[in-house]
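Each remark here refers to the structure printed beneath this line.
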Protein chains: 2
Amino acid sequence: MAKTPEDPRGTRERVLRSAETLFAERGFEIVSLRDITGAADANVAAVNYHFGSKEKLIDAVIERHVVPINEERVELLNRFEAKWVESPLPVDKVLKAFLWPMLRHITSGEMSEELFGKFMGRLIGERGYRLPESVRPLFRMMAARFTSALRRAVPQLSEEEALWRMHFSFGVMSNTLTHGDTLREISGGRAGNPSIEKIFEEIIEFCAAGIEAVKKES
Amino acid sequence: MAKTPEDPRGTRERVLRSAETLFAERGFEIVSLRDITGAADANVAAVNYHFGSKEKLIDAVIERHVVPINEERVELLNRFEAKWVESPLPVDKVLKAFLWPMLRHITSGEMSEELFGKFMGRLIGERGYRLPESVRPLFRMMAARFTSALRRAVPQLSEEEALWRMHFSFGVMSNTLTHGDTLREISGGRAGNPSIEKIFEEIIEFCAAGIEAVKKES
DNA sequence: TTACGTTTTAAACATCTGTTTAAGTTGATG
DNA sequence: CATCAACTTAAACAGATGTTTAAAACGTAA
């Protein structure tokens with residue numbers, strides 16, 4: 001009975017799963033290899049045997065979640081663009097193509113909503129866009145595809161404006177995923193308890209309006 | 001010749017200033033007391049003598065920057081509201097009251113633009129809104145004042161919507177401050193090199209449009 | 001000068017960090 | 001059974017971590 005790479009009984013797989021949970025909860029740098037291997041019922045040396053170093057383990061965890069999401073993003077954008085051959089693809093559909101794959105990743109149970117949010121947040125907050133070498137080409141391609149889709153959707157935007165407004169939108173998503181639970185807490189219930197789907201809709205509405213905003217003379 | 005608390009020759013002050021720089025550059029948890037005291041030409045034990053613990057040193061650094069900014073925010077909002085007694089204060093002015101004190105903090109040289117951005121970003125990313133006990137009442141008051149100002153500016157917003165859209169706007173600011181430099185880098189110059197004042201204007205334009213957005217049937 | 005509270009210091013504390021070693025175990029193949 | 005690679009293991013490595021200690025230096029006032 002061969003152990004497949006996905007076999008949850010395999011040490012490598014157990015370490016990977018414990019690592020992603022702990023990284024999301026507490027951060028990449030703070031979590032120690034002994035925390036991880038302790039939770040995974042494995043020996044400390046297993047990390048260096050299977051991954052080479054802590055840094056490479058971090059890369060493996062990131063790759064595992066970032067690659068499929070970015071692939072789905074491009075596929076979804078392709079599908080939308082195929083349907084909008086006559087009129088240009090509207091902004092909210094571009095944003096949807098970016099956000100929905102994350103939603104699928106959450107609801108498919110790969111990670112809980114809260115954990116996944118914190119994980120994506122730490123990817124930005126702690127690593128500052130510095131993704132592992134292996135995922136950078138895909139990431140670059142995805143970003144280029146979305147920038148040009150955005151500019152076709154809002155032709156009056158200069159390239160510079162388009163880039164900054166994409167950056168702004170990314171800030172909305174990251175901050176909401178990471179700290180949406182905190183907002184619910186500190187508001188004392190006044191922020192309600194909207195579903196993740198509802199929040200994504202609100203984000204799209206907010207960002208679409210921001211991206212389409214036109215200068216007003218003050 | 002008495003040493004005032006602000007005397008840069010005092011050990012306490014030198015430790016505080018080294019700490020804030022290193023925290024901004026590398027993060028609160030990762031920077032060690034020996035990194036800090038090394039940069040401040042002080043003894044490791046000085047931290048525990050003057051502050052009690054590393055955690056209390058972190059609190060002191062946060063307090064030092066967050067308190068004056070939040071005070072200025074409330075004052076500026078008061079000044080704006082005093083001038084708009086007839087018509088309601090527009091959204092972009094509310095956002096301006098929130099953002100400008102940060103701008104003043106940067107240009108007054110308390111911290112460089114880049115360092116300050118990273119510092120504010122880490123406050124959210126690493127500490128998740130968990131501010132030291134001593135600044136929480138002021139923060140709560142400031143948030144309440146801005147929420148109500150926002151609702152007067154856009155009356156059709158429910159309280160829940162207003163809170164979430166404030167949260168979204170905060171995400172834009174935090175992410176832009178923290179990772180604006182990264183955007184400039186990875187875009188290969190295509191994002192230009194706008195001044196911090198220009199970026200703040202763009203943020204206000206984006207967020208104002210997002211906050212004022214109205215539902216559109218899809 | 002002496003005395004006293006404040007501040008600084010080097011050294012040691014116990015514990016934790018990522019990584020390596022070398023001996024062990026396993027399970028399938030010849 | 002013997003062989004061999006894949007894997008797991010306990011132990012040790014050198015260095016870093018926040019904190020504490022007790023002695024020394026300092027500045028001021030009696």
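Every heavy atom of this structure was used, including side-chain atoms; hydrogens, water molecules and symmetry mates were not. Throughout, a chain's letter reflects where its sequence line sits, starting with A, and its residues are numbered from 1.
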Residues which pass salt bridge (Lys or Arg N to Asp or Glu O under 4.0 Å) with B/Lys198, listed by chain and number, not counting sequence neighbours: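 Once residues adjacent in sequence are excluded, the partners of B/Lys198 under the salt bridge (Lys or Arg N to Asp or Glu O under 4.0 Å) criterion are B/Glu202.
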Non-neighbouring partners of A/Arg122 that pass salt bridge (Lys or Arg N to Asp or Glu O under 4.0 Å), sequence neighbours left out: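 Salt bridge (Lys or Arg N to Asp or Glu O under 4.0 Å) list for A/Arg122, sorted by chain: A/Glu126.
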For [X] and [N], what is the distance between atoms [atom1] and [atom2] respectively, to the nearest whole Å?
X       : N      : atom1 : atom2 : result
A/Arg14 : D/dT8  : CZ    : C1'   : 11 Å
A/Phe51 : C/dT19 : CZ    : C1'   : 16 Å
A/Asn43 : C/dT26 : CG    : P     : 15 Å
B/Ile36 : D/dT19 : CD1   : P     : 11 Å
A/Tyr49 : C/dT26 : OH    : C1'   : 12 Å

So which protein N/O to nucleotides 22-26 of chain D N/O distances come out below 3.5 Å?
none

Short side-chain to backbone donor-acceptor contact, B/Arg165 and B/Ala208, under 3.5 Å: no
A/Arg184 side-chain N/O to A/Pro194 backbone N/O, donor-acceptor pair under 3.5 Å: yes
Distance, nearest 0.5 Å, that separates CZ of B/Arg14 from OG1 of B/Thr37: 10.5 Å
Between B/Asn175 and B/Thr178, a side-chain donor and acceptor under 3.5 Å: no
Show each protein N/O and nucleotides 15-18 of chain C N/O combination with a separation under 3.5 Å, one pair to a line.
{"from": "C/dT17", "atom 1": "OP1", "to": "A/Ser32", "atom 2": "OG", "distance (Å)": "3.2"}
{"from": "C/dT17", "atom 1": "OP2", "to": "A/Ser32", "atom 2": "OG", "distance (Å)": "3.4"}
{"from": "C/dG18", "atom 1": "OP1", "to": "A/Lys54", "atom 2": "NZ", "distance (Å)": "3.0"}
{"from": "C/dG18", "atom 1": "OP2", "to": "A/Leu33", "atom 2": "N", "distance (Å)": "2.9"}
{"from": "C/dG18", "atom 1": "N7", "to": "A/Arg34", "atom 2": "NH1", "distance (Å)": "2.8"}
{"from": "C/dG18", "atom 1": "O6", "to": "A/Arg34", "atom 2": "NH2", "distance (Å)": "2.9"}

Ring pair (Phe, Tyr, Trp, His ring centres under 6.0 Å): pairs with one or both residues in residues 175-211 of chain A, sequence neighbours excluded: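 Ring pair (Phe, Tyr, Trp, His ring centres under 6.0 Å) check on residues 175-211 of chain A returns A/His179-B/Tyr129, A/Phe206-B/Phe168.
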All ring-ring contact (aromatic ring centres under 6.0 Å, His included) counterparts of A/His105, not counting sequence neighbours: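 Applying ring-ring contact (aromatic ring centres under 6.0 Å, His included) to A/His105 gives A/His65, A/Phe116.
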Below 4.0 Å: OP1/OP2 of D/dT8 and any side-chain N or O of A/His50: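 Indeed, a polar side-chain atom of A/His50 lies that close.
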Any A/Thr11 side-chain N or O less than 4.0 Å from OP1/OP2 of D/dC7: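 Looking at the OP1 and OP2 atoms of D/dC7, neither is under 4.0 Å from any side-chain N or O of A/Thr11.
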